Protein chains: 2
Amino acid sequence: MAKQTSYTMRDVARLAGVSISTVSAVVNNKGIVGPELTSVVKKAIAAMNFSPNAGARGLRTGRTHMLGLVVQDITNPFFVEALRGVEDQAIEHGYEVLVCNSNDQSALELRHLNALHTKRVDGILLAPTDSYAVRETLSQDRAPVVFIDCVPLKAKVNCVVTDNFDACYNGVRYLIGLGHQRIAVICGRLTHSTSIDRVEGCRKAMQESNLLLREEHLHHGDSHIESGYRIGLSLLQSSDPPTAIFTLNNRMALGILRAITELKVPCPSRVSVMSFDDADWAEVVSPSLTTIGQPSYEMGKDAVDLLLRSILPATEQAEAKPQQIPLKSTLRVRGSTGPVYKK
Amino acid sequence: MAKQTSYTMRDVARLAGVSISTVSAVVNNKGIVGPELTSVVKKAIAAMNFSPNAGARGLRTGRTHMLGLVVQDITNPFFVEALRGVEDQAIEHGYEVLVCNSNDQSALELRHLNALHTKRVDGILLAPTDSYAVRETLSQDRAPVVFIDCVPLKAKVNCVVTDNFDACYNGVRYLIGLGHQRIAVICGRLTHSTSIDRVEGCRKAMQESNLLLREEHLHHGDSHIESGYRIGLSLLQSSDPPTAIFTLNNRMALGILRAITELKVPCPSRVSVMSFDDADWAEVVSPSLTTIGQPSYEMGKDAVDLLLRSILPATEQAEAKPQQIPLKSTLRVRGSTGPVYKK
DNA sequence: CTGTTAGCGCGTTCAC
DNA sequence: GTGAACGCGCTAACAG
């Protein structure tokens with residue numbers, strides 16, 4: 001079993017009594033082999049349980065039919081949904097997906113990117129850990145890249161992203177409409193274009209209502225439960241607590257909810273909570289969580305489509321100008337947000 | 001960019017003014033090339049941004065340094081955690097992971113398995129969709145397989161699984177200790193060894209207390225929220241509702257909780273809920289959910305270790321007898337379970 | 001220590 | 001329609 005020596009085309013050719021190229025033609029459905037010979041060959045293939053060696057084929061054709069997907073944090077359900085979209089669409093087109101988790105470390109991300117290059121994947125889907133890092137790795141002679149979720153700053157690239165700015169703008173306007181004035185925003189790391197856009201969206205909505213998103217109302221977390229929990233505790237216990245908390249991702253929201261439960265702060269009567277990213281559990285937590293949902297599955301699908309287009313450029317100009325595919329998010333109002341509390 | 005023509009060893013050799021094999025020796029750290037030549041070669045490699053073509057290398061060596069991971073349902077956080085363990089451990093040993101989602105369809109699973117064979121992965125981690133399906137595909141001349149979570153029936157295979165039987169036995173004993181007699185068990189598809197073992201564990205615990213796990217108390221769902229929800233509704237609205245509900249996976253528990261919330265049934269005072277699989281949100285839902293947690297990350301890690309051992313057999317006997325690595329689960333008592341309700 | 005040579009399994013011209 | 005020969009990029013013998 002350690003042998004791992006499968007049959008080759010030569011073996012099949014020998015058994016079928018034809019030449020290698022005939023077998024090749026059959027395997028690749030060239031449609032130039034006579035029907036009776038075709039069936040003989042196919043029988044031989046089945047008998048030997050032959051399957052072509054993709055490595056050798058790739059060496060010859062220059063295509064591996066593999067896509068690389070590099071995500072910052074596979075622990076985040078958002079990326080799992082995107083992964084599903086990627087996989088489904090990849091399968092559809094005869095591609096396999098090499099999944100890499102950067103675990104929020106640029107160094108690991110770079111390592112993955114290099115490994116993918118060595119594997120000669122035909123294209124890469126990248127949800128980068130850092131929008132500032134200059135990626136020399138995606139220059140020249142390497143596979144085309146499509147960014148998802150988060151994009152590099154000041155660079156025109158192929159990407160598919162949510163309307164982060166608008167989503168947060170609308171979200172905050174909704175909160176303001178409820179009468180909230182002291183709104184705390186808990187953002188992820190500002191090295192993500194995603195976080196930056198979201199914060200800007202919040203800022204604009206507040207400015208329009210002559211409210212300021214003051215420094216003390218903008219809290220920096222990462223994307224994990226713990227940071228949401230810690231920030232939630234300090235926020236709720238402060239002398240002048242916000243009447244609404246908007247977390248820019250759903251796991252921090254989970255932390256906030258835990259803090260709220262522990263402190264027995266009535267929600268939404270005392271404090272409203274809203275979160276970016278929808279989740280399975282959003283309807284079941286108590287209170288159910290108002291969220292802004294992203295079409296993550298579609299994001300994965302669209303990204304593969306875009307990537308495939310630059311892998312197989314129909315026309316030359318098709319790959320000339322980088323394309324941005326914007327996706328719309330939707331506000332799902334549930335139980336955790338309500339009118340502001342009046343003394 | 002569509003060119004995708006990277007530099008080859010020959011290019012590097014030419015630039016460095018050495019022979020191809022010298023470059024190869026440097027690339028593979030053979031340690032047989034003189035220090036000054038080594039540095040010359042390395043400089044050339046860096047200058048050209050050369051990275052070896054893994055396909056060609058694999059063709060030559062018979063190893064691709066790729067592992068395949070096939071899971072029934074990547075949507076399940078349990079498998080995501082396992083995936084993390086797999087990836088981390090694979091990276092550690094210089095392997096990449098080809099992730100495939102069977103989406104609970106045997107046909108798709110088979111397709112993935114064949115694709116992985118064609119890609120000549122060095123080994124496969126498989127969480128099968130069905131314990132009964134006879135997998136001819138994992139016979140002979142194919143890569144070694146390690147099963148995770150769910151195993152084929154009546155077959156000695158390499159696998160790493162949780163102590164499903166014991167876990168449920170202990171869980172149900174805990175419920176019985178609380179005074180519960182009418183315990184409803186909601187299981188996944190009984191084509192999974194996992195489900196079978198869990199149900200048997202429940203059955204034994206109940207028998208020991210002279211309780212019977214009657215047919216009408218065993219409910220068949222899948223592993224999704226919806227089925228939990230539907231079953232929950234019918235259970236709670238029946239004329240003789242159970243005093244405790246034990247779901248054999250956590251997403252069905254989410255469905256149960258939704259039903260409870262909707263019907264405003266007091267939990268745990270009227271009905272206790274317990275679930276297999278722990279989750280992020282288990283502490284935050286209301287009431288917080290009592291669960292049986294599996295060490296899924298370790299499962300992934302251990303599976304890779306086991307797989308690597310059969311890929312690189314130190315001794316012949318190492319691969320001779322299939323090994324089962326059992327993992328222990330832990331009961332996490334939270335707010336959703338309590339003493340039985342007395343009229 | 002270093003260079004030369006022969007395939008690994010496949011797809012692809014070409015002659016037949 | 002079909003078959004023989006070449007080479008994709010690399011590693012492993014072997015010769016120097």
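Sequence lines set the chain letters: A, B, ... in the order given, protein chains first and strands last, and positions in each chain run from 1. Excluded from the calculations below are hydrogen atoms, water molecules and symmetry mates; all remaining heavy atoms, backbone and side chain alike, are included. Quantities reported herein were computed from a predicted structural model and do not represent experimental measurements.
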Mind checking what makes side chain to side chain donor-acceptor pair (under 3.5 Å) contact with [X], not counting sequence neighbours?
{"X": "T194(B)", "answer": "none"}
{"X": "D130(A)", "answer": "none"}
{"X": "H192(B)", "answer": "Q72(B), R189(B)"}
{"X": "E87(B)", "answer": "none"}

Nucleotide [N], atom [atom2] - distance to [atom1] of [X] in whole Å:
{"X": "N53(A)", "N": "dG7(C)", "atom1": "CG", "atom2": "P", "result": "18 Å"}
{"X": "R10(A)", "N": "dG11(C)", "atom1": "CZ", "atom2": "P", "result": "14 Å"}
{"X": "N29(A)", "N": "dG11(C)", "atom1": "CG", "atom2": "P", "result": "12 Å"}
{"X": "M9(A)", "N": "dC8(C)", "atom1": "CE", "atom2": "P", "result": "15 Å"}

Excluding sequence neighbours, so at least two apart, what forms side-chain contact (heavy atoms from CB on, under 4.5 Å) with I20(B)?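 Counting only residues at least two positions away or on another chain, I20(B) forms a side-chain contact (heavy atoms from CB on, under 4.5 Å) with M9(B), R10(B), A13(B).
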
In chain order, what residues pass the side-chain contact (heavy atoms from CB on, under 4.5 Å) check against S51(B), with sequence neighbours excluded?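 Result, side-chain contact (heavy atoms from CB on, under 4.5 Å) vs S51(B): H117(A), T118(A), R120(A).
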
Test: salt bridge (Lys or Arg N to Asp or Glu O under 4.0 Å). Region: residues 12-29 of chain B. Which pairs qualify, not counting sequence neighbours?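 Of all non-adjacent pairs touching residues 12-29 of chain B, those that pass salt bridge (Lys or Arg N to Asp or Glu O under 4.0 Å) are D11(B)-R14(B).
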
Output the residues of residues 35-48 of chain B in contact with DNA chain D, where contact means a heavy atom of the residue under 4.0 Å from an atom of the strand; sort by number or write none.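 Correct list: empty, so none.
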
Sidechain-backbone polar pair: S102(A) side chain, V71(A) backbone, donor-acceptor under 3.5 Å: yes

Do any N or O atoms from the side chain of S131(B) and from the backbone of S193(B) form a donor-acceptor pair under 3.5 angstrom? yes

Would you call V70(A) and E109(A) a side-chain contact if the rule is heavy atoms closer than 4.5 Å? yes

Pick the closest DNA chain C nucleotide for V18(B) and for L59(B) by heavy atoms, then say which residue is nearer the 5' end.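 This one resolves to V18(B).
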
Starting from the 5' end of DNA chain C, give me the residue, G34(B) or S51(A), whose nearest nucleotide shows up first. G34(B)

Between Q323(A) and R309(A): side-chain donor-acceptor atoms closer than 3.5 Å: yes

Considering every strand and a 4.0 Å limit on heavy-atom distances, what is the contact class for F50(A): base, sugar-phosphate, or nothing? sugar-phosphate

Checking all strands, does V27(B) fall into the base, sugar-phosphate, or nothing category for heavy-atom contacts under 4.0 angstrom? nothing

So which pairs with a foot in residues 75-98 of chain B pass ring pair (Phe, Tyr, Trp, His ring centres under 6.0 Å), sequence neighbours left out? H65(B)-Y95(B)

Produce the list of close N/O pairs, under 3.5 Å, pairing protein atoms with atoms of nucleotides 12-16 of chain C; give distances to one decimal.
none

Could you pull out the closest heavy-atom pair between I74(B) and L83(A), with the gap in Å? CG1-CD2, 3.9 Å

Determine to 10° how strongly the helix from dC1(C)-dG16(D) to dC16(C)-dG1(D) is bent, judged from the axes of its five-pair ends.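 The value is 40°.
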
So where does chain A start and stop touching DNA chain D, 5' to 3', when the test is distance under 4.0 Å to a non-hydrogen atom? dG1(D) to dG9(D)

